Amino acid sequence: MYHLKKFNVTSGKYRKLFSSVAKVIDVSTDDKTNITRVYLQRPPVNSLNSHLLTEISYIMDDLEKTKCKGLVLTSNIVNIFSAGLDLTEFYKTDIQKLSNFWTTLQNTWLKLYTATFPTVALINGHSPAAGCLLALSCDYRIMLSPHYTIGFNEAKIGIPAPFWFIEVMQSIIGSRKTELSVLTGQMYKTDEALAIGLIDETAINLTEAESKVNSFFKNIIAFPGKSRSLMKKDCRDHIVQKFLLKKDEERELVIEFIMNPKTQKNIELYFKALQNKV
Ligand SMILES: CCCCC/C=C\C/C=C\CC/C=C/CC(=O)SCCNC(=O)CCNC(=O)[C@H](O)C(C)(C)COP(=O)(O)OP(=O)(O)OC[C@H]1O[C@@H](n2cnc3c(N)ncnc32)[C@H](O)[C@@H]1OP(=O)(O)O
């Protein structure tokens, strides 16, 4: 059984929370503000496997319990925010493992998307597919410029982006831009992402990004009561309710689609292309 342990590692303002075995995330909380930074750190590319998703899920539970005032989701891997789902979870797998993986993804996403506290994605690297979903599920996005990319590239792998990925994107950039985006598997550079509203701000370096993160929290932290979280719930509830209604049916469709030999072939080819790129 996993438990988060909290203890002060310095006499200063940060306390650290340590996760169980392999540290695929690093977590630190500012004692003064109770704002927590979660750093993804699963080499080489922060691909989201069951273990990493489970760790994120536990952290989300813990932050809800400890009345967290804000979450910053970012990465400790140079140039990568997250490469999206770990494709090895899809390749040459079995139905039970795939089913467990998909359930973990669904449950973890729901916790992030419905977090009662404010969430910011500090996107300090490439962010394709489910990496993009992680960022879009936060309340605010600040992305380092100029050379990183973000978007739903699933079409290029030959697997459809799930309906809730699409609906989250729609809620941010609108239906038409989402349709164009997902059907072409478009990956956007930082400035392009800003221009279509996929991200909220850009930053030229981490210092500037951190200062923008702090301004975001400063603007909202003094709000009294629960009005912010209640309105966030209202804004997102139509997606959440549809997701809850369809999540079991969706899992079955995903299993059928991924286990299909043609899909397996597409994933294999995609992997080979990734490995052979110059
Ligand atoms: C009929 C009704 C149907 C209904 C069905 C509904 C739904 C369909 C079913 C399922 C939906 C599935 C949704 C999936 C969403 C996803 O997230 S899929 C994952 C998509 N991710 C990507 O395409 C990212 C691919 N990676 C990259 O583009 C680059 O790696 C990078 C992130 C830009 C980093 O580039 P960089 O040059 O720094 O690194 P490398 O490319 O050299 O990679 C290093 C190493 O890592 C391996 N790797 C990269 N990405 C992944 C990954 N996502 N999973 C696993 N492994 C990955 C890469 O192969 C390299 O390995 P090495 O060569 O062995 O070192």
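Residue numbers run from 1 in the order of the sequence given. Because the structure is predicted, anything quoted here is derived from the model rather than measured. Just so you know, ligand 1 is whichever comes first in the structure, and atom 1 is the first atom listed for that ligand.
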Query raised in the report: Judged by modelled atom types alone, do Ser47 and Asp86 share a side-chain donor-acceptor pair under 3.5 Å?
Result: yes
**Report entry** Residues Gln96 and Asn100: side-chain donor-acceptor under 3.5 angstrom
**Finding:** yes
Query raised in the report: Who passes side chain to side chain donor-acceptor pair (under 3.5 Å) against Thr202, sequence neighbours left out?
Result: none
Query raised in the report: According to the salt bridge (charged side-chain N to carboxylate O under 4.0 Å, His left out) rule, which pairs have a member within residues 103-116, sequence neighbours left out?
Result: Asp61-Lys111
Requested in this report: Please find out if less than 6.0 Å separates the ring center of Phe243 from that of Trp109.
Outcome: yes
Query raised in the report: Among all residues two or more places apart in sequence or in another chain, which pass the salt bridge (charged side-chain N to carboxylate O under 4.0 Å, His left out) test with Lys189?
Result: none
Which protein N or O atoms sit under 3.5 Å from any N or O of ligand 1? Give each pair with its distance.
{"residue": "ligand 1", "atom": "17 (O)", "partner": "Leu85", "partner atom": "N", "Å": "2.8"}
{"residue": "ligand 1", "atom": "17 (O)", "partner": "Ala130", "partner atom": "N", "Å": "3.0"}
{"residue": "ligand 1", "atom": "21 (N)", "partner": "Ala83", "partner atom": "O", "Å": "2.8"}
{"residue": "ligand 1", "atom": "23 (O)", "partner": "Asn153", "partner atom": "ND2", "Å": "2.9"}
{"residue": "ligand 1", "atom": "23 (O)", "partner": "Tyr270", "partner atom": "OH", "Å": "2.5"}
{"residue": "ligand 1", "atom": "37 (O)", "partner": "Lys277", "partner atom": "NZ", "Å": "3.0"}
{"residue": "ligand 1", "atom": "41 (O)", "partner": "Lys277", "partner atom": "NZ", "Å": "2.4"}
{"residue": "ligand 1", "atom": "53 (N)", "partner": "Ala83", "partner atom": "O", "Å": "3.3"}
{"residue": "ligand 1", "atom": "53 (N)", "partner": "Leu85", "partner atom": "O", "Å": "2.9"}
{"residue": "ligand 1", "atom": "54 (N)", "partner": "Leu87", "partner atom": "N", "Å": "2.9"}

